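Some notes on the structure that comes next.
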Amino acid sequence: MAGLSDQDVDIVIEKFQTKVSISEKPELGNHYEPNTSEPIAQPLRTLDEVLLWKPDEDGFNVATIPLAKRTEAKVGKPYTLLCHDMMGGYQEDRFVQGVPKLECYRYYHWQYLDMFIYFSHYFVTIPPPSWTNAAHKNGTLMLGTVITEWNDGAERCKQVFASESAYKTFADKLVAIAKYYKFDGWLVNIENPIAATHMPQMVGWVEYLTKEMHTHLPGSKVIWYDSVIIDGSLKWQDMLNDNNRVFFDISDGMFLNYTWNEAKLKDSVKNAGERKYDVFVGVDVFGRNCFGGGGWNTNKAMSVIRSNNLSAAIFAPGWVMEKLGREQFITNQNKYWGILDEFLPTHGVSSLPFVTYFCRGYGEQGFRNGTVALVKSWCNLSAQQIQPTFLQVPQDTPDGKTGHQSMDHCVKDGFNGGGSLLLRGTLGQGQVHPYRIFETGIVPSHQLLVSYTVKCCNAVDACVYLDLGGDQGRVILWTSGESAEDKQPMSAYGLRESEQLDPSKLPVSKTTAKYTAYAPLKEGSHKNMQDIVFGCDSSSIHCIGWQTRHYLLPTSAFGEGAKIEEMGVLCFPTESDPPKMDYMVRIGELKIINPDSLKNSSTQVSNLTMVDDSWHNILPHITNVTDQASFCCTLKWDYPYEAMHYDVYVSGVNRDPNHNRDLATSEVVFIGRAYANLFRVCHLLAPTVNGKEGQLEFKVQPSTQEGFVAPLAAATRIRVAYS
């Protein structure tokens with residue numbers, strides 16, 4: 001498909017005419033940053049704002065990623081809840097389309113969390129969509145917050161709890177808000193006294209809200225914070241007892257205040273009965289009157305909580321950045337969660353499609369197909385992919401047989417997104433280094449299309465393994481095959497099935513007692529897959545050292561009742577008698593998908609339109625630029641499937657906004673990535689035309705949730721003529 005012209009394909013083109021009339025700044029309302037017109041997330045600050053809220057007026061802030069299925073423990077276990085409180089919330093993360101900086105607060109240890117609460121001290125806190133998308137992609141529930149405090153909070157409570165009608169109206173709005181923005185529940189934090197005459201209504205409100213959330217959003221949670229007691233007094237109990245259990249009984253759980261002691265926890269266990277895992281013991285990472293003192297001693301509180309078999313609510317993890325600074329944030333973040341690892345049960349993602357580029361939602365640059373597409377720092381948690389479950393790998397042993405190994409995230413190189421998974425170690429003769437990466441629970445009830453992308457060096461290669469449950473053994477996705485492609489059965493998808501190999505001939509045969517092995521697709525089948533992945537003739541794509549291997553596994557690859565319980569990588573020398581060597585292997589992509597999804601790979605967006613367009617002077621921070629005007633607009637479109645993202649391109653400009661270089665106006669240049677079916681073009685520099693007519697052409701290229709890119713040559717587009 002390389003080199004297609006407009007005459008070769010059926011392209012949908014919409015045309016718009018606009019007059020360059022310079023205004024001071026866009027006038028779009030409070031859902032946008034006033035000067036730049038960037039869409040922003042924000043809370044609802046007053047009761048009137050909540051009651052007047054309407055759906056369908058804030059599409060940029062709707063999360064787009066459904067909650068992934070996750071592995072569940074075979075026996076009950078305590079939960080872990082994380083309550084975000086980073087400098088009051090709505091910092092850089094309020095910018096829906098991301099920010100051009102790296103030093104933002106971000107989170108990627110989702111394997112430890114059952115729930116994440118986006119917290120602020122505003123009345124109704126709506127999680128920014130980037131947080132919900134990242135949590136959902138990793139199988140974690142996302143909750144917003146309802147909080148009342150001080151005199152203003154008391155006044156709001158008087159209005160809400162004045163009658164049954166009033167509290168039901170308020171609760172109905174909260175349900176509608178969660179449903180519209182697609183998050184999973186509420187933390188209820190009433191931190192002001194309630195008049196005794198209003199207590200029946202407040203109890204009724206919590207019960208009604210919980211019931212309605214469960215009805216309209218199955219699986220959602222309403223968590224009560226330990227604050228007001230049954231007589232309306234504001235008296236933190238630090239335990240579950242008769243003073244506050246009425247709220248526990250009518251909600252999904254209680255978040256205990258932080259000044260508990262072990263005796264109170266033991267009483268809470270007795271009082272909770274069979275619902276002990278619904279008691280979330282508060283731990284303030286800032287250590288304010290908290291058991292153990294928080295910070296690096298958070299593990300002391302966690303040890304006591306888990307010894308009593310209770311759930312935990314970790315509050316204000318932003319301490320790692322707020323207290324210790326931004327410069328060493330990643331190092332300190334990893335250290336902090338490493339200290340807590342032994343107290344945090346993990347879960348993995350078990351739903352298809354399973355697709356990850358290991359991106360954490362930030363980068364020093366942005367990669368696409370192994371090359372740099374963005375030459376500036378950025379952060380957008382909507383870009384975050386499924387994160388590894390296992391962070392620890394075997395280290396040196398006294399006999400030296402294991403060899404040094406490490407596994408980390410690296411932003412210096414990547415295949416797509418902001419980075420890759422970096423495996424490093426020292427291999428000796430006859431050694432194979434296994435890296436456990438994902439816990440999962442995928443049930444292979446049909447053929448599976450599996451692929452992975454690696455960059456290897458120093459005479460070392462790598463392959464992926466899939467561990468099956470019980471005595472089913474391991475499936476190894478080997479690096480090469482033996483027979484010709486036409487010897488393999490043709491599937492219904494136009495691809496040959498992967499060749500099954502003799503496992504005894506592979507140099508990794510000692511890594512497990514029982515396994516099968518398969519070769520990657522070859523020749524025509526491999527080329528077909530690469531063309532689908534890139535949305536063009538893949539021979540024109542140069543991935544700079546990255547190699548992708550595809551496998552079409554038959555159902556016979558998995559025994560009856562088998563389940564993929566773990567995915568990992570094996571690193572091994574490519575020489576038969578190698579010297580001891582240091583190595584680096586980068587994993588840029590791992591996919592397990594249903595091959596039925598191939599039929600949707602080339603579908604383009606439809607009904608592409610443009611609204612809220614305006615022209616402005618160049619922003620003050622942009623210097624050394626002349627003969628340009630600044631163009632803003634919102635692009636909207638429809639797409640019939642769930643998308644991973646949409647890339648937006650433009651031609652007609654003579655400056656590249658991502659590479660700071662001159663362009664010919666005929667060049668098509670990438671300008672941004674959307675995670676919803678709309679994109680705000682913010683102050684794009686367009687050449688002034690001095691009485692003539694100029695033209696901008698925008699294209700939108702979708703990527704399916706399986707990571708297949710529709711052909712850019714056939715992308716739906718809008719032509720904007722201006723004068």
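Treat the numbers as computed from the prediction; the structure is a model and nothing was measured.
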Original post:
Of T215, T210, L209, which meets side-chain contact (heavy atoms from CB on, under 4.5 Å) against M213?
Top reply: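 Of the listed residues T215, T210, L209, the side-chain contact (heavy atoms from CB on, under 4.5 Å) partner of M213 is L209.
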Original post:
Which of these passes side-chain contact (heavy atoms from CB on, under 4.5 Å) with Y362: V99, L381, N380, V411?
Top reply: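 The side-chain contact (heavy atoms from CB on, under 4.5 Å) with Y362 is passed solely by V411 among V99, L381, N380, V411.
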Tell me if the centroids of the rings in [X] and [Y] come within less than 6.0 Å of each other.
| X | Y | result |
| --- | --- | --- |
| F183 | Y118 | no |
| Y108 | W337 | no |
| F247 | W224 | yes |
| F123 | H121 | no |
| F286 | F315 | no |
| F255 | Y225 | yes |
| W296 | W319 | yes |
| F679 | Y646 | no |

Do the side chain of [X] and the main chain of [Y] share a donor and acceptor less than 3.5 angstrom apart?
| X | Y | value |
| --- | --- | --- |
| S120 | Y122 | yes |
| S311 | Y277 | yes |
| K173 | W53 | yes |
| S227 | I190 | yes |
| Y90 | A41 | no |
| N244 | D226 | no |
| N309 | P78 | no |
| S377 | L102 | no |
| D238 | N261 | no |
| H136 | T64 | no |

**OP:** Please assess H109 against Q333 for the test side-chain contact (heavy atoms from CB on, under 4.5 Å), listing each intermediate value before the final yes or no.
**Re:** CA-CA 9 Å; H109 291 93; Q333 176 93 321; 3.9 Å; yes
**OP:** Could you list all the salt bridge (Lys or Arg N to Asp or Glu O under 4.0 Å) pairs where at least one residue sits in residues 302-323, not counting sequence neighbours?
**Re:**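 Non-adjacent pairs meeting salt bridge (Lys or Arg N to Asp or Glu O under 4.0 Å): zero.
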Original post:
Is there any salt bridge (Lys or Arg N to Asp or Glu O under 4.0 Å) pair reaching into residues 145-161, and which pairs are they, with sequence neighbours excluded?
Top reply: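 Residue pairs with at least one partner in residues 145-161: there are none.
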4.5 Å side-chain heavy-atom contact, [X] and [Y]:
| X | Y | result |
| --- | --- | --- |
| I339 | T298 | no |
| P39 | Q97 | yes |
| I442 | F354 | yes |

Taking atom [atom1] of [X] and atom [atom2] of [Y], what is their separation to the nearest 0.5 Å?
| X | Y | atom1 | atom2 | result |
| --- | --- | --- | --- | --- |
| L421 | Q387 | CG | CD | 9.0 Å |
| E164 | W205 | CD | CH2 | 15.0 Å |
| L344 | L113 | CG | CG | 8.0 Å |
| M86 | C104 | CE | SG | 9.0 Å |
| F390 | I437 | CZ | CD1 | 10.0 Å |
| S382 | R673 | OG | CZ | 12.0 Å |

Between [X] and [Y]: side-chain donor-acceptor atoms closer than 3.5 Å:
| X | Y | result |
| --- | --- | --- |
| T346 | T389 | no |
| Y180 | D56 | no |
| N289 | T259 | no |
| D231 | S233 | yes |
| Y181 | D58 | yes |
| D278 | Y79 | no |

Original post:
Is a salt bridge present between K211 and E207, judged by a nitrogen-to-oxygen distance below 4.0 Å?
Top reply: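 No.
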Original post:
Salt bridge or not for D114 and R70, using N-O below 4.0 Å?
Top reply: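 Yes, charged N to carboxylate O under 4.0 Å.
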Subject >> Flag if over 12 foreign heavy atoms under 6.0 Å of CZ, F343 >> reply: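 Yes - once you tally the heavy atoms of other residues, nucleotides and ligands closer than 6.0 Å, there are more than 12.
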**OP:** For a side chain to side chain donor-acceptor pair (under 3.5 Å) with Q384, tell me which candidate from W131, Y107, W110 qualifies.
**Re:**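 The side chain to side chain donor-acceptor pair (under 3.5 Å) with Q384 is passed solely by W110 among W131, Y107, W110.
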**OP:** Walk me through it: do F60 and T634 pass the test side-chain contact (heavy atoms from CB on, under 4.5 Å)?
**Re:** CA-CA 10 Å; F60 277 107; T634 296; 3.9 Å; yes
**OP:** List in chain and number order the residues that pass side-chain hydrogen bond (donor to acceptor under 3.5 Å, both in side chains) with K182, two or more places apart in sequence or in another chain; answer none if no residue qualifies.
**Re:**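 Per chain and number, K182 pairs via side-chain hydrogen bond (donor to acceptor under 3.5 Å, both in side chains) with no residue.
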**OP:** Determine, stepwise, if the pair V228 / M202 fulfils side-chain contact (heavy atoms from CB on, under 4.5 Å).
**Re:** CA-CA 10 Å; V228 170; M202 189 172 81; 3.8 Å; yes
Subject >> Contact summary for L256 and S268, nearest pair of heavy atoms >> reply: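 Shortest heavy-atom separation between L256 and S268 comes out as CD1-OG, 4.1 Å.
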